[in-house]
Every structure is written in C-alpha cells, then in structure tokens.
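Below: the structure, in structure tokens.
This chain uses plain numbering: 1 for the first residue, then up along the sequence.
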Amino acid sequence: MDQFITGKTQLAALFAEPASHSISPSMHNLAFQLTDINAVYLAFEVGENTLKQAIEAVRSFHMLGVNLSMPNKVLALNYVDEISETAKLSGSINTIINNQGKLLGDNTDGLGFLQSLKIRKISILQKKMTILGIGGAAMALIAQTALVGIKEIAIYNRPKKTEELTVIQQKVKQIAKQTGCQITINNINNVKKLQQDLSESLLLINATNVGMSPLENQTLIDSTLLPKHLIVYDLIYQPKETRLLKEAKLNGNETINGFDMLFYQGAAAFKKWTNQDMPVEKIRTLLGKNT
Ligand code: NAP
C-alpha cells in the first residue's frame, strides 16, 4: 500500500470540464493503493477543443485508460479505435481502455446502475421502468437495461426540435430492435400517460439535471403521481437527497440516489483497466466521511 511514484508508475485520468470537483481521483487513487497497483489517477480540464489531443496522449503516454464526463462523452466516439456494444447502443462513452495502443471506447454507466440495483436485490428482468430525460446517462441506462432483459421502458422528456427528436427516435428504435424491449418516447407534459406508466413501473428514474444546482429546488414529478410500490431513483448524487427523493420518501416510496451508481461505474472502469476488482466497500468507508 505504501506505493511511491517511480519510473514505472502508470497513469489513468478523468477528461472533463469541469473536472476539479470530481470524486473519481480519490476513488481510483485509493483503489490503486489498496490493490498495490503502481498507478496514479489525475483529473484534467479537457473540453471539446482539446479532447482529440488529450485522447492521443492516452496512446502516446501508454496510459491505462481514462474516464470521460461532460462535455466529452459523445465527441470522444470519433477518436477511439473500437466501440463496445453498449457504447454503440448508448451513443456515448464514459471510459476508454488502452489495449496496447488500441483504444476501446466503452460505457460503464449502465453497469454501475445495474450493480446499484443488484446490491439492493432489485431485479428488472421482465419489468417496466419510467425514465425522465433522454441525455447521455439516460441512453446508457436504456441500452444496458434493455440488453439485460427489462421488458418495457417509458421515456419522458420535454418537447424537442423535430431533427433532434428524429435522431433520438432512431437510436431508441435500434435498441428496441436489437433487444426486443418495448420503448416509448413521451412528452413530459402528458400527465395522464405518465400516471398510467408509473402505475405499471417498478422504477422511476430521474436522468435529468433537475434537482441539482442550479435547479436544486425543482422536481419534474408531483409526488401525488407516485404509487407506493414505485422505487424512485435519482441519478443525481449531489445533493444526496433531491427534492424528488425527499417528496417520494415522504410519500412512502423506497428511494435511491446516484452515489452507488457513481461508485460502481468507476469500479467497472477500474476492472477494465487493471483486470482487478476495486475494493468498493473499503473505499466507500474511507471516503464516506467526505462525501
Ligand atoms: P445530458 O446528456 O446533458 O442530459 C440531460 C437531460 O436532462 C436531457 O434529457 C435534458 O433534456 C434534461 N433536462 C435538463 N434540464 C431540464 C429541465 N429543466 N427540464 C426537463 N428536462 C431537463 O446529461 P447526462 O450526462 O445524461 O446527466 C443527466 C443527470 O444524470 C445529471 O444530473 C448527472 O449528474 C446524472 N448522472 C449521474 C451519474 C451517476 O453515476 N450517478 C452518471 C451520469 C450522469 P433536453 O434534451 O430537452 O435538454
């Protein structure tokens, strides 16, 4: 565990903008120490203008790999050599794995989400979920859950321009075709349909920014619409309890925030870079005081 930087120390990193607030460096550096891997993880401010050169550096510096966050998850698809099945279906990558100079783009958000359900013994097999938002995280979850056997997904989003909607419809159609999952895209203002979908769903997922700064005091769902059986999952981890989760809890629903998903998507990336399991529980305990 007392690892010092040497001539053999390898590098992994986060490319994002902003990057400095991320907990990924703490998580991965602890993981390297606890698993005795001679590597360090740094956060770099990388945005659209510098992403191409930054990804080239993954190759030239023989880096283990990188995590990608906003605004790089879609643009990065253009700069890798291969793309995993999940990433292809999601249309975005959050992880690059350097396989001896060949860069594989992957998306572990869906895996992190599934693991966060698994530890709670929640099975989505043959079930239905309702998801708010159709951005990068939503697409990753839709692709991954469809791949592992969810039966039906109802997506709700605010109205979009026709061209944008067509692109999303095509992506969703491809996921449905490839997996056999039934997926509908609905207008968030269609409260009657939303209420029907919620009554048939195991899970409601908020995959929008509504609930985090600067929209901290907002929610897209009136809690009177939530049937008691519904598990309400907000992908936001800061704040720990969004207004949606607070109101759902008061209504008697089981609630989950985005913290576990964040951890387990990182653990999945770590495993892909190092072939070793991240000691997640130990790291959670060590970081718990600060998160
Ligand atoms: P994104 O690609 O920018 O997508 C954001 C989505 O939110 C879009 O569908 C957007 O709708 C919708 N949205 C934003 N503001 C809205 C508003 N005022 N009313 C209604 N819809 C609104 O972002 P992302 O990467 O998918 O992230 C989405 C959320 O997931 C964020 O809160 C992020 O922190 C969280 N997340 C958590 C994890 C984790 O590990 N826990 C991982 C990834 C993301 P439009 O398309 O109409 O703008």
Hey, are the side chains of I205 and T130 touching, using non-hydrogen atoms and a 4.5 Å cut-off?
-> no

Does D234 come within less than 4.0 Å of R243, counting only side-chain N to carboxylate O?
-> no

Cluster partners of M212, using ILVMFWY side-chain heavy atoms under 4.5 angstrom, listed by chain and number?
-> I236

Has the side chain of Q115 got a donor or acceptor atom that lies under 3.5 Å from a matching backbone atom of G112?
-> no

What pairs with F113 under ring-ring contact (aromatic ring centres under 6.0 Å, His included), at least two apart in sequence or on another chain?
-> Y233

Is N275 atom CG crowded by more than 12 heavy atoms from other residues, nucleotides or ligands, each under 6.0 Å away?
-> no

Less than 4.0 Å between a side-chain N and a carboxylate O, is that true for E56 and R59?
-> yes

Would you say E241 and N257 make side-chain contact, with heavy atoms under 4.5 Å?
-> no

How does the hydrophobic cluster around L245 look, that is, which other residues are in it when side-chain heavy atoms under 4.5 Å mark a link?
-> L132, Y156, I188, V191, L194, L198, L204, V210, L215, L220, I221, L225, L226, L230, V232, L244

K127: partners by salt bridge (Lys or Arg N to Asp or Glu O under 4.0 Å), with sequence neighbours left out | none

Using a distance-only test with no angle check, is there a side-chain donor-acceptor pair under 3.5 angstrom linking S92 and N107?
-> yes

Are any non-hydrogen side-chain atoms of I37 and Q276 less than 4.5 angstrom apart?
-> yes

Contact check, side chains of C181 and K151, non-hydrogen atoms, under 4.5 Å = no

With E200, which residues qualify under salt bridge (Lys or Arg N to Asp or Glu O under 4.0 Å), at least two apart?
-> K128

Answer yes or no: is there a donor N or O on one side and an acceptor on the other, between the side chain of N251 and the main chain of N253, under 3.5 Å?
-> no

Answer yes or no: is there a side-chain heavy-atom contact under 4.5 Å between F270 and H28?
-> yes

Would a distance-only check, ignoring hydrogens and angles, find a side-chain to backbone donor-acceptor pair under 3.5 Å from W273 to A268?
-> no

Could you work out the complete set of other residues in the hydrophobic cluster of L250, with links drawn between I, L, V, M, F, W and Y side chains under 4.5 Å apart?
-> none

Give the minimum heavy-atom separation between I55 and A76, together with the two atoms involved.
-> CD1-CB, 3.8 Å

For atom CG of N189, is the number of surrounding heavy atoms from other residues, nucleotides or ligands below 6.0 Å larger than 12?
-> yes

